[in-house]
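Proteins come first, then strands; the chains are lettered A, B, ... in the order of their sequence lines, and each starts at number 1. No experiment lies behind these values; they were computed from the predicted model shown. In what follows, every heavy atom counts, from backbone to side chain, and hydrogens, waters and symmetry copies are set aside.
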Amino acid sequence: MALPPEFYDRDALEVAYALIGCRVRHAGVTLRITEVEAYRAGDTANHARVGRTARNAPMWGPPGHAYVYLCYGMHHLLNFVTGPEGEAAAVLMRGGEPVEGLDLVRERRRGRDGPTLCDGPGKVAAALALTTAQSGSRLDGPLEVLPRAEEPSLIVGPRIGIGYALPADQAAPWRVALAGSPWVGHRRGLRPLPPSPGAGPAQGFASPTGSAAIT
DNA sequence: ACAAGGATCCTCT
DNA sequence: GAGGATCCTTGTT
């Protein structure tokens, strides 16, 4: 059974922690999630920093939906919309391990093989055959996310490719990965997740100035 | 209508 | 480690 919308109705970082080890299924392929990044409300790395637009509209909608967009004119990237409706936040899937439909994945990844099949966000969407056509879709339909069986061991680090964001947001350890997994790219900068207190996600994340521009 | 830049991937050095 | 591919989205004229 797919995870219910309520699963996603909390802070994006909490959802990011909870998604590692879960499975994503679409078009004959299932991937175990090994790497994600949280894009929170009020985050200057978040596409929603410019307010609501046609592209990022799914992020402002209810939780439990997909936000898929085209990056660099070539690559599609899959996000899971989190938090309440009206607040724009999401979790980007950056890596996965094929557990079903490996032949399809090889095909969609142009005959490649091994751990580099799905160790980047563009590769993940390619493996799952996702495009902007799926942006806004529910996550309990043809595209679905299934719960994990065991508590994974997590490692965290700064997010990739967000040099345009404020320094504090660039440095925030909101990238989350499965410890020891070969299905994770850019290993440098990842370290074990510290125990509960400290950089925990549950406590207040004060949104910086001017987050919500409703147009 | 125009210009700038991007939550990347691949190849080559 | 560096650079090109490639085109949509966004903000500006």
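- Taking atom CZ of residue A:R159 and atom P of nucleotide B:dA7, one finds them 11 Å apart after rounding to whole Å.
- Distance A:F80 CZ to B:dA7 C1': 14 Å, rounded to the nearest Å.
- Nucleic acid contact for A:R55: sugar-phosphate only, since backbone atoms but no base atoms lie under 4.0 Å from a heavy atom of the residue.
- For the residue pair A:M93 and A:G95, the shortest heavy atom distance occurs at CE-O, 3.5 Å.
- Within the 3.5 Å criterion, the main-chain N or O of A:V184 finds no donor-acceptor partner in the side chain of A:T34.
- Between A:R109 and B:dC10 there is a side-chain N or O to OP1 or OP2 distance below 4.0 Å.
- Here A:Y69 and A:H47 bring their ring centres to under 6.0 angstrom of each other.
- Side-chain N/O atoms of A:R112 include one lying less than 4.0 angstrom from OP1 or OP2 on B:dC10.
- Of all the residues in residues 72-79 of chain A, A:Y72, A:G73, A:M74 reach under 4.0 Å from DNA chain C with at least one non-hydrogen atom.
- When each of A:L78, A:L143, A:L139, A:V145 is paired with A:H26, the side-chain contact (heavy atoms from CB on, under 4.5 Å) condition holds for A:L143 and for no other.
- For the OP1/OP2 pair of C:dT9 and a distance below 4.0 Å, the side-chain nitrogens and oxygens of A:T53 include no atom meeting the criterion.
- Atom CZ of A:R110 is separated from atom P of B:dT8 by 19 Å (rounded to the nearest Å).
- Distances shorter than 4.0 Å separate none of the side-chain N or O atoms of A:R40 from OP1 or OP2 on B:dA7.
- The side chain of A:L70 has C:dC8 as its nearest neighbour among C:dC8, B:dG6, B:dC9.
- If you measure from atom NE2 of A:H186 to atom C1' of B:dC9, you get 10 Å, rounded to the nearest angstrom.
- Comment: A:R159 does not engage A:E37 in a salt bridge, judged by the lack of any side-chain N to carboxylate O separation of less than 4.0 angstrom.
- In this structure, A:Y69 places its OH atom 17 Å from P of C:dC7, rounding to the nearest Å.
- Across all their heavy atoms, A:F7 and A:L19 have their closest contact at CE2-CD2, 3.6 Å.
- The CG-P distance, from A:N46 to B:dA7, rounds to 10 Å in whole Å.
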Practice item. Mind running salt bridge (charged side-chain N to carboxylate O under 4.0 Å, His left out) on A:R110 and A:E107 for me, showing each step along the way? Key: CA-CA 5 Å; A:R110 304 181 57 185; A:E107 208 172 289; over 6 Å; no

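- Near DNA chain C, meaning a heavy atom under 4.0 Å away, there are no residues from residues 94-105 of chain A.
- OP1 or OP2 of B:dA7 lies within a sub-4.0 Å distance of a side-chain N or O belonging to A:Y164.
- The distance from atom CG of A:L130 to atom P of B:dT8 is 17 Å, rounded to the nearest whole Å.
- To the nearest 0.5 Å, atom CZ of residue A:R40 and atom CG of residue A:D11 are 4.0 Å apart.
- The nearest whole Å value for the distance from the CG atom in A:L92 to the P atom in B:dT8 is 8 Å.
- Residue A:R138 places its CZ atom among 12 or fewer non-hydrogen atoms of other residues, nucleotides or ligands, all under 6.0 Å distant.
- Minimum atom distance to the side chain of A:K123 is reached by B:dC10, of the listed C:dG1, B:dC10, B:dT8.
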Practice item. For DNA chain B, just give me the dot-bracket, please: Watson-Crick or G-U, both distances below 3.5 Å, ( ) intra-strand, [ ] crossing earlier pairs, | paired with another strand, . unpaired. Key: ||||||.|||||.

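- Between A:T44 and A:R49, the shortest heavy-atom distance links the atoms O-CD, 3.1 Å.
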Review point. Where do A:D140 and A:M1 land on the side chain to side chain contact (heavy atoms under 4.5 Å, CB included) test, with the steps shown first?
Key: CA-CA 8 Å; A:D140 60 358; A:M1 294 293 295; over 6 Å; no

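- Taking all atoms of both residues into account, the shortest heavy-atom contact from A:T132 to A:L70 is CG2-N, 4.1 Å.
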